[in-house]
Each structure stands twice: as structure tokens, then as C-alpha cells.
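Read through the structure below, which is laid out as C-alpha cells, and then see the notes.
In this chain, numbering begins with 1 at the start of the sequence shown.
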Amino acid sequence: MKPVITLTLVGIISAALLAMVSDMTREPIAAAKAKMKREAIEDIFPFKIDSLKTLKTESGTFYEAIGASGELKGVAVEAATEKGYSGKIEILLGVSTAAKIYGYKVLSHAETPGLGDKITKPRFKEQFRNKDLNSGIWKVKKDGGFVDELTAATISSRAITDAVHNGLEMISKQYPNLSNQ
């Protein structure tokens, strides 16, 4: 009977300690995630952001980059695709007020190191710069589109093309007059 009581006490104390540590780290973790997202947004836009307005809708989370005089300078959106070689790929896509792509940042992926993870490299990402929804067929060249696929990583190339296209469509629906500004 003694071992049962001892194990029960150890379990209760362990659970209490885990709950206490979870409470103590919740806010610092949330603050660190917010800081990382802010830095990712600042990396996408080629200008200094004076303020950032977050807009959460049913279709997604959007970030409006605001200039010193209160003008909208660009919009970023969190987009994703499930078509990656190893599953879901999440990106942050930034566009100008003319709805042209400034760039994207991969927030998470599980693509193959050395192959599929090249979707994060500047050389691959550069081909999306200044593109918009009307820039051609949003597919890799192997499928008749304009995107140069990565050698031996066509699935990852298709996936990131899909994620970027999804982001552009999300921005187009949320900001239908963006290209008119």
C-alpha cells in the first residue's frame, strides 16, 4: 500500500510543478513568438515600418504596414499549403500597395534538408518578387507555369508556389482595391 501512496504523491507534486512552470512561461513564450513574427514582417518589407496593424478575419491574419504619416505601405498575410513533401508549409507573404510581391518568409516546414528546404533561400524566393495574381500561370515550369522548380525538389517548389498563390488570393479578397491605391 505504501508504494501506491508514494507514487500518487509524486504524481500530484509533478503535475503541480508542471502547471506552475507552464503558467510562468506562457507570457514569455507568447512575447517571443510575437517578436519573431514582427521581425519576419520587417524582413519582408523593403522599408521601415512605423506601425503595424493586425487584422484577424475568418479568412486569415493580415498585417498592415503603416508609414510615418499614417499611410498604408504594404500588407502581409499568413498563408499555408498542405502540399509540401513532408506536410504543411506556412509562410508570411508581403505585398506592396500595388499588390505586387515584396517577398515571403517561410514560418514553418518539414521539407527535406538540402533539397526541399531550398524554398527558404533568396535565389529561389527572388523569382516571386514583383509578381501578382495576373503574372502568369501559378505553377512550376514543368506544369506549364513560370516558376523555376528546384532540382530534385519539384514537390516543394509546387507547394511554395501554391502557398504564395493562396496568400495573394487571400489579400485580393480582403483588400480588393489594393492595386488601385
Side-chain angles (χ1 to χ4, degrees), residues 32-84 88-111 116-141 143-150 153-181:
K33 284 183 179 178
K35 182 181 176 197
M36 286 175 43
K37 190 153 295 176
R38 171 72 186 222
E39 290 172 353
I41 292 168
E42 289 174 346
D43 283 349
I44 291 172
F45 291 118
F47 50 80
K48 182 183 177 302
I49 300 170
D50 290 296
S51 67
L52 195 62
K53 180 180 172 189
T54 303
L55 179 65
K56 291 188 178 194
T57 69
E58 287 182 15
S59 60
T61 302
F62 300 87
Y63 303 93
E64 296 177 353
I66 309 295
S69 56
E71 78 280 10
L72 180 66
K73 294 179 78 175
V75 174
V77 66
E78 294 176 21
T81 183
E82 298 286 341
K83 297 180 179 177
K88 189 174 187 177
I89 297 174
E90 296 175 304
I91 67 166
L92 193 60
L93 175 71
V95 300
S96 68
T97 55
K100 302 276 186 186
I101 295 173
Y102 280 130
Y104 71 85
K105 184 140 187 146
V106 176
L107 299 175
S108 69
H109 74 88
E111 299 303 288
D117 70 346
K118 290 181 180 174
I119 58 174
T120 63
K121 304 295 182 202
R123 185 173 174 197
F124 181 75
K125 293 165 65 173
E126 185 62 33
Q127 65 184 315
F128 293 98
R129 185 177 304 278
N130 290 321
K131 301 287 188 207
D132 63 19
L133 280 174
N134 301 316
S135 291
I137 299 172
W138 279 87
K139 292 183 176 181
V140 297
K141 286 186 176 176
D143 299 333
F146 67 87
V147 177
D148 282 325
E149 63 267 14
L150 295 164
T154 305
I155 294 173
S156 301
S157 303
R158 286 178 178 136
I160 203 70
T161 303
D162 184 58
V164 170
H165 187 249
N166 289 344
L168 284 174
E169 287 185 332
M170 292 168 69
I171 290 172
S172 175
K173 287 178 185 168
Q174 185 65 36
Y175 301 91
N177 297 321
L178 192 61
S179 61
N180 297 329
Q181 293 185 11

If I compare all heavy atoms of [X] with all of [Y], which pair ends up nearest, and what's the gap?
| X | Y | result |
| --- | --- | --- |
| Ile66 | Leu72 | CD1-CD1, 4.1 Å |
| Gly167 | Val77 | O-CG1, 3.7 Å |
| Asn166 | Ala80 | ND2-O, 3.1 Å |
| Ile89 | His109 | CG1-CB, 4.0 Å |
| Leu133 | Trp138 | O-NE1, 3.6 Å |
| Ile171 | Val75 | CD1-O, 4.2 Å |

So, [X] versus [Y]: side-chain donor-acceptor pair below 3.5 Å or not?
| X | Y | result |
| --- | --- | --- |
| Glu149 | Thr154 | no |
| Thr120 | Asp117 | no |
| Glu111 | Ser156 | yes |

Derivation of the side chain to side chain contact (heavy atoms under 4.5 Å, CB included) call for Tyr104 and Lys125: CA-CA 7 Å; Tyr104 71 85; Lys125 293 165 65 173; 3.1 Å; yes
Glu71 side-chain N/O to Ser69 backbone N/O, donor-acceptor pair under 3.5 Å: yes
Supply the atom-to-atom distance [X] [atom1] to [Y] [atom2], rounded to the nearest 0.5 angstrom.
| X | Y | atom1 | atom2 | value |
| --- | --- | --- | --- | --- |
| Phe62 | Tyr175 | CZ | OH | 6.5 Å |
| Ile101 | Leu168 | CD1 | CG | 4.0 Å |
| Lys83 | Thr161 | NZ | OG1 | 10.5 Å |
| Ser96 | Arg129 | OG | CZ | 11.0 Å |
| Leu92 | Lys105 | CG | NZ | 9.0 Å |
| Ser157 | Phe124 | OG | CZ | 4.0 Å |

Derivation and outcome, side chain to side chain contact (heavy atoms under 4.5 Å, CB included), residues Ile49 and Lys73: CA-CA 8 Å; Ile49 300 170; Lys73 294 179 78 175; over 6 Å; no
Between [Y] and [X], is there a side-chain heavy-atom distance shorter than 4.5 Å?
| X | Y | value |
| --- | --- | --- |
| Arg38 | Tyr63 | no |
| Val147 | Gln127 | yes |
| Phe146 | Val140 | no |

Phe47 and Tyr102 aromatic centres sub-6.0 Å: yes
Lys139 NZ: over 12 foreign heavy atoms closer than 6.0 Å: no
Using a strict 4.0 Å threshold on nitrogen-to-oxygen distance, state whether [X] and [Y] make a salt bridge.
| X | Y | result |
| --- | --- | --- |
| Glu169 | Lys173 | no |
| Glu90 | Lys88 | yes |
| Asp50 | Lys48 | yes |

Side chain to side chain contact (heavy atoms under 4.5 Å, CB included) between Val95 and Lys100, intermediate numbers included: CA-CA 5 Å; Val95 300; Lys100 302 276 186 186; over 6 Å; no
Steps toward side chain to side chain contact (heavy atoms under 4.5 Å, CB included) verdict (Leu107, Met36): CA-CA 10 Å; Leu107 299 175; Met36 286 175 43; over 6 Å; no
